[in-house]
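Keep in mind it's a predicted model, so treat the numbers as computed, not measured. In the text below, chain A, chain B and the rest are named by the order of the sequence lines, each starting its count at 1.
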Protein chains: 2
Amino acid sequence: MSDEPWSPPAVLIAVDLVILTLRAAELHVLLVERGIEPYEGAQALPGGFLNNAGEDIPDAARRELQEEASLDTSRLHLEQLGAYGLPGRDPRGRVVSVAYLAIAPGLPDPAAGTDAADASWKPVEGILSGHRKLAFDHRQIVTDGVERARSKLEHSALATAFCDRTFTISELQQVYEAVWGVRLDPRNFYRKVQGVPGFIVPAGPDRRSTKGRPARLFQAGPRNVLHPPLIRPDSSTTNEGDR
Amino acid sequence: MSDEPWSPPAVLIAVDLVILTLRAAELHVLLVERGIEPYEGAQALPGGFLNNAGEDIPDAARRELQEEASLDTSRLHLEQLGAYGLPGRDPRGRVVSVAYLAIAPGLPDPAAGTDAADASWKPVEGILSGHRKLAFDHRQIVTDGVERARSKLEHSALATAFCDRTFTISELQQVYEAVWGVRLDPRNFYRKVQGVPGFIVPAGPDRRSTKGRPARLFQAGPRNVLHPPLIRPDSSTTNEGDR
DNA sequence: CGAATAGTGTCTATAAGACATTATACT
DNA sequence: AGTATAATGTCTTATAGACACTATTCG
């Protein structure tokens, strides 16, 4: 067990991004159509290899996001999901991918003619259920990303990242309902959200109107951890292991 | 932006392990003294490089654990913490390390004379506070691992992994107190733990005795997710961002 | 008995969930 | 007025936290 003249195997590092957003009260994820082999023509998460040996991994994530989806990364909340490195997950060789989760407010479809023309928002539902096939192990990554988002909604102010800078309480409720996939009582939701100090704060004296009574506008407050947490309704007590 | 004849940089993949255990009612982590440069002689997490390009990363983690600490990995709960790949974290070049968290029941000190003679349990306290310096970015990894353990104690049956196969409720309470760093009311703890269906189940009609009234023995139940969760006492409402 | 630890009960404040009512805009 | 949405209030039940008491072993 002394030091043999041995050198560890070199592998390629990639980043993959799970960008979630809300469209039509449903949770969507950003996908791109692959232009090259392997999985050419298939849907995949935006991502790619490190540019050079000196590039920081989160920087690479932001760069790929910019390149592949023309998304303004500066206002985006980015969080590492984990490393995915199963041998054989990429037919080109040993690739370890570091996955990131990001949350974006509702955005228009990527415009045709731009360099992001092959990017599009797809409902996560079809992916989780397996109806829509993704390249590589990206279905697993999406699954983990959605679960992370669901969990973080309980204890952090992540939900506000789905909204514009100002939002109404019912808009915030729609975030919770879409991500958790449940219906919530508006009155209890209102009370609970207001009861968490620093979660949301009133934004200006102004209001917004569409049909009924105008709603107050709020913005994200200073507190990122929620006390008390917003517990999601018991999803019928399903048992679960780790991954 | 077409495909240039460019190839992505290759990096080295390492694994690092945060093995937590309880000793004398205090949370300890397994450290090894490094025998080679860089950081020769310094304390570090057990870990090392992938053996070959075909080795699965969790397998590498188990192998390193076996090699460096002679720990029986088969009964160990292993969970990925994340990837640590900051450029410059390893002076030998670009290394991305995948960190794992594992929980072990109380174990004796590694015996001298074995291949794990340079391994030892150290209190996490001194590491978190910065009094004990670790190699590389291992202090950060330990910090993340401890925080993960603290969080998982709330929602999963992870605490039982700190105990032997059978344990008493007060032993289980000591786990929570040590990991969370708080004192809990034995009566309320007893009631809450018993109120979570499937968390712990009675183990045989037998009892154990030391001084006072003999305690009932339990073992880990079938349920891994806790309903309702065991909320840790408000740590004075400190605000926190992500990492 | 007294010391030590295990287990049970009771009370109160707080939060969750169900549901009714009022408020403010629009046409 | 009628409709639509926002905001507030009330009641009931469950859970959290504080605390007192009983039970079983040992010396």
Are side-chain heavy atoms of B:H155 and B:P229 found at a separation under 4.5 Å? yes
If I take atom NE2 in residue A:H227 and atom C1' in nucleotide C:dA15, what distance separates them, rounded to the nearest angstrom? 15 Å
What I'd like to find out is whether the side chain of A:K192 reaches to under 4.5 Å of the side chain of A:L230, using heavy atoms alone. yes
Check DNA chain D against residues 156-171 of chain A and give the residues with a non-hydrogen atom under 4.0 Å, in numerical order. A:S170
In whole Å, I'd like the distance from the CZ atom of B:F218 to the C1' atom of C:dA6. 11 Å
Please tabulate, for the side chains in residues 173-181 of chain B, all donor-acceptor contacts under 3.5 angstrom to protein atoms that are two or more places apart in sequence or on a different chain.
unit_1 : atom_1 : unit_2 : atom_2 : d
B:Q173 : NE2    : B:E177 : OE2    : 3.0
B:Q173 : NE2    : B:L184 : O      : 2.9
B:Y176 : OH     : B:L153 : O      : 3.0
B:E177 : OE2    : B:L184 : N      : 2.8
B:W180 : NE1    : B:R150 : O      : 2.9

Chain A on DNA chain D: first and last contacting nucleotide, 5' to 3', under 4.0 Å to a heavy atom? D:dA4 to D:dG9
Atom CD of B:Q194 and atom P of C:dA6: how far apart are they, to the nearest Å? 14 Å
Would you confirm whether A:D185, through its side chain, and A:N188, through its main-chain N or O, come within 3.5 Å as a donor-acceptor pair? yes
Quick tally for nucleotides 17-27 of chain C: nucleotides whose base has a protein heavy atom under 4.0 Å get B, sugar-phosphate-only ones S, the rest -, giving BBBB--BBSS-
With a 4.0 Å cut-off on N to O distance, would you call B:D16 and B:R139 a salt bridge? no
Would one find a side-chain N or O of B:Y190 under 4.0 angstrom from OP1 or OP2 of C:dT8? yes
Excluding sequence neighbours, so at least two apart, what forms side chain to side chain donor-acceptor pair (under 3.5 Å) with A:S170? A:T168
Heavy-atom pair with the smallest gap, counting every atom of A:S97 and A:V15: OG-C, 3.8 Å
Answer yes or no: is there an ion pair linking A:E68 with A:R62, defined by an N-O contact shorter than 4.0 Å? no
Does C:dA6 have OP1 or OP2 under 4.0 Å away from a side-chain N or O of B:R216? no
Say whether, by atom type as modelled, one donor and one acceptor occur between the side chain of B:S129 and the main chain of B:G126 under 3.5 angstrom. yes
Ionic contact status for B:E147 with B:R232, cut-off 4.0 Å: yes
Check the distance between C:dA15's P and A:L230's CG and give it to me in whole angstrom. 12 Å
Apply side chain to side chain donor-acceptor pair (under 3.5 Å) to A:R132 and list each qualifying residue two or more places apart in sequence or on a separate chain. none
